[in-house]
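Naming: A, B, ... by sequence-line order, numbering from 1 per chain. No hydrogens, no waters, no symmetry mates; every other heavy atom, side chains included, goes into these values.
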Amino acid sequence: MIVARIVETEAYLGQNDPAAHAFKGRTPRTDPLWGPPGTWYVYFIYGMHHCLNITVEPEGRPGCVLIRAAEIFKESPDRGRGPGRLTRALKVNRTLSGIRAFDRDCGLWLREGRAPENVSVSPRIGIRHATEKALRFFEAGSRSVSSPRPPQALEARGCV
DNA sequence: AATACGATTGTCT
DNA sequence: GACAATCGTATTC
């Protein structure tokens, strides 16, 4: 079992969120998003990286959380810093997509060491649409966080 | 069949 | 800050 502590996430709100994969409708790739809460959704991007998400809404509603960074116990902070690095360290790929995350034999089990402290909020990273929404949540001070400071000041982007 | 693009990362200037 | 790497997916022809 891989033991890790999630320290950075982003929320994707589903069919009404222009930045979400679900915004463009249900396809074979995005199908797991419509599954029951606690379903892994893994996609491949930029020809190189996998990104790990978990569904969080009732079945039929495609909201999810992107897991952007985690402190992996007994590993360098760099290993889990950023969504691409994290999945590489955890050896996660699309075979996990659609699997129930809380099944013990699902292939990936992240046990949190302690709850995040000093949770800060910022705009989401790397997206082109809906950049004004402050839906990134991270533990300020964690050495595994991908971007310790918000991409820009919240005020400058109309987030507050 | 051909094309355009992306919820990233690493390297170079 | 700019840009290349690299390929599955969706769209269009």
When the distance from [atom1] of [X] to [atom2] of [N] is rounded to whole Å, what number comes out?
{"X": "A:E8", "N": "B:dA7", "atom1": "CD", "atom2": "C1'", "result": "11 Å"}
{"X": "A:K24", "N": "C:dA10", "atom1": "NZ", "atom2": "P", "result": "10 Å"}
{"X": "A:F137", "N": "B:dA7", "atom1": "CZ", "atom2": "C1'", "result": "15 Å"}
{"X": "A:H129", "N": "B:dG6", "atom1": "NE2", "atom2": "C1'", "result": "11 Å"}
{"X": "A:D31", "N": "C:dA10", "atom1": "CG", "atom2": "P", "result": "11 Å"}
{"X": "A:I125", "N": "B:dA7", "atom1": "CD1", "atom2": "P", "result": "13 Å"}
{"X": "A:Y43", "N": "C:dG8", "atom1": "OH", "atom2": "P", "result": "16 Å"}
{"X": "A:M48", "N": "B:dG10", "atom1": "CE", "atom2": "C1'", "result": "9 Å"}

Choosing from [options], which nucleotide comes nearest the side chain of [X]?
{"X": "A:P28", "options": "B:dT9, C:dA10, C:dT6", "answer": "C:dA10"}
{"X": "A:R29", "options": "B:dG10, C:dT9, C:dT6", "answer": "C:dT9"}
{"X": "A:C64", "options": "B:dA7, C:dC7, C:dA10", "answer": "B:dA7"}
{"X": "A:T27", "options": "C:dA10, C:dT6, B:dA7", "answer": "C:dA10"}
{"X": "A:H49", "options": "C:dT9, B:dA7, B:dT9", "answer": "B:dT9"}
{"X": "A:F44", "options": "B:dT8, C:dG8, C:dA5", "answer": "C:dG8"}

Problem - A:F138 six-ring face occupied by A:R136 cation (under 6.0 Å, within 45°) - result: yes
Exercise for the section: Identify whether NZ of Lys or CZ of Arg in A:R104 sits under 6.0 Å from the centre of the six-membered ring of A:W109 and within 45° of that ring's axis. Expected result: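 Yes; both conditions hold, so A:R104 lies above the ring face of A:W109.
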Exercise for the section: Treat a base pair as Watson-Crick or G-U wobble with both distances under 3.5 Å, then lay out DNA chain C in dot-bracket form, 5' to 3', with | for cross-strand pairs. Expected result: |||||.||||||.
Would one find a side-chain N or O of [X] under 4.0 angstrom from OP1 or OP2 of [N]?
{"X": "A:R128", "N": "B:dG6", "answer": "yes"}
{"X": "A:R85", "N": "B:dG10", "answer": "yes"}
{"X": "A:R94", "N": "C:dT9", "answer": "yes"}
{"X": "A:R88", "N": "B:dT8", "answer": "no"}

Handout entry: Between A:F44 and A:H49, ring centroids under 6.0 Å
Key =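 When the ring centroids of A:F44 and A:H49 are compared, they turn out to be at least 6.0 Å apart.
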Quick check: do [X] and [Y] have side-chain heavy atoms less than 4.5 Å from each other?
{"X": "A:S147", "Y": "A:I125", "result": "yes"}
{"X": "A:C51", "Y": "A:L66", "result": "yes"}
{"X": "A:D17", "Y": "A:F23", "result": "no"}
{"X": "A:T39", "Y": "A:I99", "result": "no"}

Handout entry: Quiz item: A:Y46 side-chain donor-acceptor pair to C:dA5 base, under 3.5 Å
Key =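 No pair found.
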Problem - Salt-bridge contact A:R5-A:E139 (side-chain N to carboxylate O under 4.0 Å) - result: yes
Exercise for the section: Could you tell me whether the side-chain ring of A:Y12 sits stacked on the base of B:dA7, using a centroid cut-off under 5.5 Å and a plane angle under 30°? Expected result: yes
Practice task
For A:G84, answer base if it contacts any base atom (sugar-phosphate contacts may also be present), sugar-phosphate if it contacts only those atoms, and nothing otherwise; contact means non-hydrogen atoms under 4.0 Å.
Solution key: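 Counting heavy atoms under 4.0 Å across all strands, the contact made by A:G84 is with sugar-phosphate only.
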